[in-house]
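Read the structure below first, then the notes.
Throughout, a chain's letter reflects where its sequence line sits, starting with A, and its residues are numbered from 1. Since the model is a prediction, treat every value here as computed from it, not as a measurement.
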Amino acid sequence: MSFSVPAKLETEIDELITHYPVKRSASLMVLHALQEHFGWISQAAVEWTAKKLGLQPINVYELVTFYPMFRQQPVGKYQIKVCRTLSCALGGSYALHKHFCDKLGLDAHKHGVQTTKDGRFSVEFVECLASCGTAPVIMINEDFYEGVSRAKAEEIVSQCK
Amino acid sequence: MPSEYKLILKHADQPGYTPDIECYLKHGGYEVLKKALAMQPLDLPDGKRKSPQEQLRDEVMKSGLRGRGGAGFSCGLKWSFVDRRSGKPIYLICNADESEPGTFKDRQIIHKDPHQLIEGMILSCFANDVKLAYIYIRGEMPQGAKLLNKALAEARAKNLLGKNILGSGYDLEIHVHRGAGAYICGEETGLIESLEGKRPYPRIKPPYFPAVLGLYMCPTIVNNVETLCNVKHIVAMGGAEFAKLGTPNNTGTRIVSLSGHVKRPGYYEIEVGKVTIGELINDPNFGGGLRDGRKLKAVIPGGSSAKVLKAGEKFKLKRKVDGKDVEQEVDMLDLPYDFDSLLQAGTMSGSSAIIVMDDSVDIVEALANISEFYAHESCGQCTPCREGSLWMSKALHRLTHGEGRKTDADYLEKIANNIPGGRTICAFGEACSWPVQSFVAKFKDEFVAKGAADEAKRAQNGVASNSAAAKRRETVAAH
């Protein structure tokens, strides 16, 4: 399948690049824009970004492999990120993570991101989401949920159609 | 009775207060900026003239403002290091990469009062002749980035940003830059590398002090969100007046993030040093005490990298009483919440994040959680940190999964003692070692007991399985 960036997105990306005196600085913003559109960063996306910014593909690829938010393979339509770090752990995030995994037929002990077979949900632990006073917290795609009890988790998942 | 003092969060939580510019203007927003842009040069008695920019920088110096991001370094001093003679552009970056576990104060400002931050930034940029600035916001705050972009667009539409701001002849542009989930981007030189579109490997200092060789090798100021908001209030009230808030050398207010086992976790703005840790945890105005029937076990006073305080610990504090230096013994709960007292207690107020743990907490598990975070977030540039953080996390993993050893406590201490102290490029080495050093030193018996219990269990199982194997061999031999 050939990789093509829609004209509207490319215009947005071109605008982002103008924010910086050096093109390379726009790398993360361009990758965010591409990931928002395509759902993940493919090798073609890396090469496209490199060409756009006048870089070698390795300059972009090393970012995709370093920064945890970039996906190197497609993930679920709904990406559930459960905060793992101390305050949320004290607030029950491990039980919450297990609850999501059990409910969706995933293995709570497996490391890294896991996606359901139908491709609807991905579940993963992430590090501190900076809302420790309302633990446990999760994110689903760009939405943020605080003080997530089991009942609330059920409700949130049932709303993901 | 100790209470909050709301300077930065004065409006944020008022009913009906919204993050848009109209609401901010209704509450006196951007008035301070107008005042600053209209400032005139000051004629000094020696015939020299002091520019408005120098006057503003002087006020910040006089205020005694210390950085709110973690290190608590003097903001005025940081600005004074900026190389203004190189002829290169000067950049300012707002560090909104809030990611020290336990901290959630900048999130409140960004989500509820973004224009306060922008006004503080414009003032700081004006005071330092900055023409281009960035807000580096962590990737996990997409809503915050959207809000900031909206607020910047509103400010541009009102000519509070852009060319010739309010007819003053001053040009400034601010852009939002999103991170992508790496804790190390909170380290200012790592942040700069990341903003240059690279992996966020912190730079070695010297020579790469941001004030001289920062973004694009130009002089650069990196300040925390809360610090920049404070600049607005310093310009509004004057540095000397600001310095009356808080306590000497610990001026102003701080937004404390309180999490863990208290009845009322949340963020509380206090005058620095006017409230003690115990009051923050137990007072009905703040944490409201521990959950019913629970006792305090430990407190992490300044984000997860700060050294832990054990319930009942006593410290000797040097204090001035009637002009004389005296040494007083205080309980950890009676430590005033400020920069200097916590340093004297061997820990730090860091990003002003307090994590409270009651007696239901397995302290080994708590440390294992913290260490897993640091092992995940080490950038991998320096061997002691890359390897050490992982070794510590592995040892703690086996201790919390029934595979521990009696000697693990000593092993952890040994690794933790060999990471910090100039062996790494940035302070991450310290950040990942301090929790291990302090947890193991203060709760050693629990670490040793856990390892010993695992060994005993293995020995028993070992005997059992050995005898089972022997029986099998006999059976085989008999046939």
Segment of A:Tyr94 engaging chain B (4.5 angstrom heavy-atom cut-off): side chain
Donor-acceptor pair, side chain of A:Ser87 and main chain of B:Gly260, under 3.5 angstrom: no
Would you say NZ of A:Lys98 has more than 12 non-hydrogen atoms from neighbouring residues, nucleotides or ligands within 6.0 angstrom? no
Side-chain heavy-atom pair B:Arg107, A:Phe144 within 4.5 angstrom cut-off: yes
What part of B:Tyr91 gets within 4.5 angstrom of chain A, counting heavy atoms only: side chain, backbone, both, or neither? side chain
So, A:Lys81 and B:Glu140, do they make that salt bridge, N to O below 4.0 Å? no
Using side chain to side chain contact (heavy atoms under 4.5 Å, CB included), reason through A:Leu28 and B:Tyr136 one step at a time and then give a plain yes or no. CA-CA 11 Å; A:Leu28 291 188; B:Tyr136 189 108; 4.1 Å; yes
If you count heavy atoms of other groups shown closer than 6.0 angstrom to NZ of B:Lys394, is the number above 12? no
Per-residue tally against chain A (heavy atom, under 4.5 Å) across B:Glu100, B:Arg199, B:Gln143 peaks at B:Arg199
For the interface with chain A, which of B:Ser99, B:Gly102, B:Ala353, B:Gly380 has the highest count of heavy-atom pairs at distances below 4.5 Å? B:Gly102
Quick one: closest heavy-atom pair of B:Gly197 and A:Ser27, and the distance? O-OG, 3.8 Å
Residue by residue, scan residues 49-56 of chain A and write down, ordered by number, those that have a heavy-atom distance under 4.5 Å to chain B; if none do, write 'none'. none
Applying a strict 4.5 Å limit to non-hydrogen atoms, the region of B:Ser360 in contact with chain A is neither
For B:Leu215, is it the side chain, the backbone, both or neither that has a heavy atom under 4.5 Å from a heavy atom of chain A? neither
Does any part of the side chain of B:Glu365, heavy atoms only, come nearer than 4.5 Å to the side chain of A:Leu90, both counted from C-beta? no
Select, from B:Glu98, B:Arg264, B:His261, the one with the greatest count of heavy-atom pairs under 4.5 Å involving chain A. B:His261
B:Leu132 and A:Tyr20, any side-chain heavy atoms less than 4.5 Å apart: no
Quick test of your reading of the model: are B:Arg178 and A:Glu36 salt-bridged, counting only N-O distances below 4.0 Å? yes
Identify which part of B:Leu258 has an atom lying under 4.5 Å from any heavy atom of chain A, answering side chain, backbone, both or neither. backbone
Under 4.5 Å from any heavy atom of chain A - which part of B:Tyr216: side chain
Apply side-chain contact (heavy atoms from CB on, under 4.5 Å) to A:Ala45 and list each qualifying residue two or more places apart in sequence or on a separate chain. A:Phe3, A:Leu34, A:Ile41, A:Ser42
In this structure, are over 12 heavy atoms from other groups packed under 6.0 Å from B:His175 atom NE2? yes
Interface check, chain B: of A:Cys88, A:Cys132, A:Ala135, most non-hydrogen pairs under 4.5 Å belong to A:Cys132
Is the backbone N or O of A:His19 less than 3.5 Å from a side-chain atom of B:Tyr134, with the two atoms forming a donor-acceptor pair by type? yes
Just so I know, are the side chains of B:Ser304 and A:Thr85 near enough to count as touching, which here means a heavy-atom distance under 4.5 Å? no
Quick one: of B:Glu372, B:His376, B:Glu377, who has the most non-hydrogen atom pairs under 4.5 Å with chain A? B:Glu372
Between B:Val262 and chain A, with a heavy-atom cut-off of 4.5 Å, which part of the residue counts as in contact: side chain, backbone, both or neither? neither
Does any non-hydrogen side-chain atom of B:Tyr183 lie less than 4.5 Å from one of A:Cys128? no
Can you classify the ring geometry of B:Tyr201 versus A:Phe66 as parallel (below 30°), tilted (30 to 60°) or perpendicular (above 60°)? perpendicular
Can you check whether A:Arg24 reaches B:Lys198 side chain to side chain, under 4.5 Å on heavy atoms? yes
B:Gly181 and A:Pro68: which non-hydrogen atoms are nearest, and at how many Å? O-CG, 3.1 Å
Is A:Lys110 atom NZ crowded by more than 12 heavy atoms from other residues, nucleotides or ligands, each under 6.0 Å away? no
Crowding at CD, A:Glu142 (>12 non-hydrogen neighbours, <6.0 Å): yes
Measure distances from B:Cys185 to the heavy atoms of chain A and classify the residue's part below 4.5 Å as side chain, backbone, both or neither. side chain
Assert top hit (heavy-atom pairs under 4.5 Å, partner chain A, pool B:Gln108, B:His177, B:Met141) equals B:His177
B:Gly179 and A:His32 have their tightest heavy-atom pair at O-NE2, 2.7 Å
Based on non-hydrogen pairs under 4.5 Å, which of B:Ala182, B:Pro89, B:Pro200, B:Cys379 is most in contact with chain A? B:Pro200
Under 4.5 Å from a heavy atom of chain A, the part of B:Ser257 involved: neither
Taking A:Arg84 for the side chain and B:Asn369 for the main chain, is one N or O donor matched with an acceptor at less than 3.5 Å? yes
